[in-house]
Amino acid sequence: MRDYKNFIAIIGAGISGLALGIMLQKKQIPCVIFEKSQKIGEHGAGISISQNGLKVLENLDLLEEFNLQSRQPQNALFFSSHKKIKKISANVTTSTRRTLFKNLLDKYLSYDGEIHFGKEVVDIEIENKILTFKDGNSFSVKHIAACDGIKSSCQEMVLSEFNEPKYSGYYVWRTIFTSKQTNIHFHLGSNFHVVTYPVDNKRVSLVAAIKSRNKQNESWKQEGSIQNLFLEIPRSITDKYPSIHNNYGVYKWGIFLRPNVKTLFDKNITYLGDAAHPIVPFIGQGACLALEDAYIFGSLLYKHKNDLSLAQIKYNELRIKRIRSIYKKSLNQGKLNHLSNPLFVFLRNLFMKYTNIISIQIKSVWSYDVNEEKDL
């Protein structure tokens, strides 16, 4: 490997890391990606990208290809106690994380982007911007972009007071199975909700969020069993999907948060995606926020490439308010989804059925357009 003193070192080949790499390669800013895993996996993970995220993919010249390999459900149907209470236009693209990752990786490589798998960072000398890896190699870099997920070893190594992620009070079951479905289905229940949606022409993703004080591991790669999944959500729901027994793996994922995020950067290092601001997934914005982060930080690096500190400050100014807003809205949506008091459930369903509250809330999140940020 070559000298990286003039390179932006991107730690993590997730959504934010690959998207940032594409942005920098397009702007001819030297960068290199280091990823600790040996390859990209799927692990039962579907993904939903709303209009704000799709705008970023369009800017990255990825939208057409991503849409061709994914699905665009026309409607989202909401059920409570097995009764349909609302139908709205979906206006999202649903797919798998693997599909999105592969599209991002292929695009990055098409720009001659450099990436190294199996490279786990074990030490960061932040003053001198030196990265040391598990294999013993060390490199000096120009700047560090931490895109290494919720646990973020970069944060842990750099910060004297590491803001450790905290269990949110929810965990999620995920699986993908062979089935055909054209719409998104939301099943709301007491202390749980289930979402199913198509990820391609042959498969469906099921996500079951459970409210529980029992802390679970933070790992969307942790395997579970279909029998345990059946114990936690009504069979009247899972029976609607008989082919779920022939699945591509069942996984259990504890949802963790990093509350009260005050800044998205430190000296010589900037945090993006889940490494900066993990949220609960109840309005489907984790991946979209990661894409927004990457596009905006990449644009600012290009605009202020001789002043990295200014780019960091502007990035923080542009992102922190939106991130905090999405964080709160996601938590509030979780509370509404999991109501157990019969009176509150009745009032929620009534409000959903006879008002446009869902569409109004969606618009407030999805209408965001990175192209309209005046400082970019």
Any Asp375 side-chain heavy atom under 4.5 Å of Leu318 side chain: yes
Those residues that, when tested against Ile320, pass side-chain contact (heavy atoms from CB on, under 4.5 Å) (two or more places apart): Val261, Leu264, Asn316, Arg324
Measure the OG-CD1 distance between Ser205 and Ile176 for me, rounded to the nearest 0.5 Å. 5.0 Å
Donor-acceptor side-chain pairing of Asn183 and Tyr197 below 3.5 angstrom: no
To the nearest 0.5 Å, what is the distance between CG on Leu63 and CD1 on Ile49? 10.5 Å
Kindly indicate whether the side chain of Ile233, heavy atoms from C-beta on, has any atom under 4.5 Å from the side chain of Leu229. yes
Does Ile283 belong to the same Ile/Leu/Val/Met/Phe/Trp/Tyr cluster as Phe351, with side-chain heavy atoms less than 4.5 Å apart forming each link? yes
Are any side-chain N or O atoms of Lys211 and backbone N or O atoms of Ser190, one a donor and one an acceptor, separated by less than 3.5 Å? no
Using distance alone, with no hydrogens and no angle criterion, decide if Glu373 and Tyr368 have a side-chain donor and acceptor under 3.5 Å apart. yes
Atom NZ of Lys314 with >12 non-hydrogen neighbours under 6.0 angstrom: no
Would you check, one step at a time, whether the test side-chain contact (heavy atoms from CB on, under 4.5 Å) holds for Phe265 with His143? CA-CA 11 Å; Phe265 70 94; His143 189 78; over 6 Å; no
Please determine, by modelled atom types, if Asn371 and Asn59 share a side-chain donor-acceptor pair under 3.5 angstrom. yes
Check whether any side-chain N or O of Asp266 sits under 3.5 Å from a backbone N or O of Ile269 as a donor-acceptor pair, and report yes or no. no
Between Lys107 and Leu60, which heavy-atom pair has the shortest distance, and what is it? CE-O, 3.8 Å
Please tell me whether Ser70 and Asn67 have a donor and an acceptor in their side chains that are separated by less than 3.5 angstrom. no
Flag the pair Met352 / Leu188 as yes when at least one side-chain heavy-atom distance between them is below 4.5 Å, and no otherwise. yes
List the steps and the verdict of ring pair (Phe, Tyr, Trp, His ring centres under 6.0 Å) for Phe133 and Phe34. CA-CA 10 Å; Phe133 296 89; Phe34 298 105; 4.6 Å; yes
Assigning hydrophobic clusters by single linkage (Ile, Leu, Val, Met, Phe, Trp, Tyr; side-chain heavy-atom cutoff under 4.5 Å), is Val345 placed with Leu77? no
Same apolar cluster: Val122 and Phe117, side chain cutoff 4.5 Å: no
Ser81 side chain to Lys83 main-chain N or O, any donor-acceptor pair under 3.5 Å? no
Could you check whether Ser225 and Lys252, counting side-chain N and O atoms only, form a donor-acceptor pair closer than 3.5 Å? no
Return the OG to CG distance between Ser110 and Leu105, rounded to the nearest 0.5 Å. 10.0 Å
List the residues meeting side-chain contact (heavy atoms from CB on, under 4.5 Å) with Lys86, not counting sequence neighbours, and say none if there are none. Phe78, Ile88, Asn356, Ile358
Tell me yes or no: between the side chains of Glu114 and Tyr108, is some donor less than 3.5 Å from an acceptor? no
Are His338 and Phe282 close enough that their ring centres sit under 6.0 Å apart? yes
Would you tell me whether Asn91 and Ser89 have side-chain atoms, one donor and one acceptor, within less than 3.5 Å of each other? no
Does the side chain of Asn268 reach to within under 4.5 Å of the side chain of Lys142, using non-hydrogen atoms? no
Is there a path of hydrophobic side-chain contacts, each under 4.5 Å between heavy atoms of I/L/V/M/F/W/Y residues, joining Ile313 to Ile144? no
Which heavy atom in Cys154 sits nearest to a heavy atom in Asp148, and how many Å separate them? N-OD2, 3.0 Å
Mark yes or no for whether Ser367, through its side chain, and Lys363, through its backbone, hold a donor-acceptor pair below 3.5 Å. yes
Within 6.0 angstrom of Glu120 CD, more than 12 heavy atoms from elsewhere: yes
Is it the case that over 12 heavy atoms from other parts of the model lie below 6.0 angstrom from the CG atom of Asn341? yes
Hey, what do you get for CD (Glu65) to NZ (Lys102), rounding to the nearest 0.5 Å? 7.5 Å
Are Ile244 and Ile210 in one and the same hydrophobic cluster, where Ile, Leu, Val, Met, Phe, Trp and Tyr link if side-chain heavy atoms are under 4.5 Å apart? yes
Distance-only, no hydrogens or angles: does the Gln25 side chain make a donor-acceptor pair with backbone N or O of Tyr111 under 3.5 Å? yes
Under the 3.5 angstrom rule, does the side chain of Thr355 hit a backbone N or O of Ile357 as a donor-acceptor pair? yes
After noting the C-alpha distance and the side-chain angles of Phe66 and Leu100, does the key distance pass the side-chain contact (heavy atoms from CB on, under 4.5 Å) rule? CA-CA 7 Å; Phe66 180 62; Leu100 180 57; 3.9 Å; yes
Which heavy atom of Pro242 sits nearest a heavy atom of His245, and at what distance? O-CD2, 3.3 Å
Are Arg319 and Asp293 ion-paired here, with the side-chain N under 4.0 Å from a carboxylate O? yes
What's the shortest heavy-atom distance between Asp200 and Gln69, and which atoms? CB-O, 4.3 Å
Kindly indicate whether the side chain of Gln361, heavy atoms from C-beta on, has any atom under 4.5 Å from the side chain of Gln333. yes
Give a yes or no answer on whether the side chain of Ser168 reaches the backbone of Ile255 with a donor-acceptor pair at less than 3.5 Å. yes
Ignoring hydrogens and angles, state whether a donor on the side chain of Thr196 or Tyr241 is under 3.5 Å from an acceptor on the partner side chain. yes
With distance as the sole criterion, is a donor-acceptor pair present between the side chains of Ser80 and Asn349 under 3.5 Å? yes
Using 30° and 60° as the class boundaries, would you call the ring planes of Tyr4 and His116 parallel, tilted or perpendicular? perpendicular
I need the Ser140 OG to Asp3 CG distance, nearest 0.5 Å. 7.5 Å
Does Arg258 use its side chain to pair, donor to acceptor, with the backbone of Ile150 at less than 3.5 Å? yes
Between Ser236 and His82, what is the shortest heavy-atom contact and its length? OG-CE1, 2.7 Å
Return yes if some donor-acceptor pair links the side-chain N/O of Gln155 with the main-chain N/O of Ala276 below 3.5 Å, else return no. no
Nearest atoms (heavy-atom pairs only) where Ala208 meets Val194: CB-CG2, 4.0 Å
Between Lys119 and Glu35, does any side-chain N to carboxylate O distance fall below 4.0 Å? no
Does Lys267 come within less than 4.0 Å of Glu127, counting only side-chain N to carboxylate O? yes
From Thr238 atom OG1 to Phe230 atom CZ, the distance as rounded to the nearest 0.5 Å: 4.5 Å
Do Gln285 and Tyr327 get their side chains close enough for a donor-acceptor pair, meaning under 3.5 Å? no
Only residue of Arg235, His187, His185, Gln181 satisfying side-chain contact (heavy atoms from CB on, under 4.5 Å) with Lys240 is His187
Heavy-atom donor-acceptor pair, Thr94 side chain to Pro198 backbone, under 3.5 Å: yes
Is Lys151 salt-bridged to Asp274, going by a charged N under 4.0 Å from an acidic O? no
Heavy-atom side-chain proximity of Leu57 to Asn103 below 4.5 angstrom: no
Ionic contact status for Glu292 with Arg322, cut-off 4.0 Å: yes
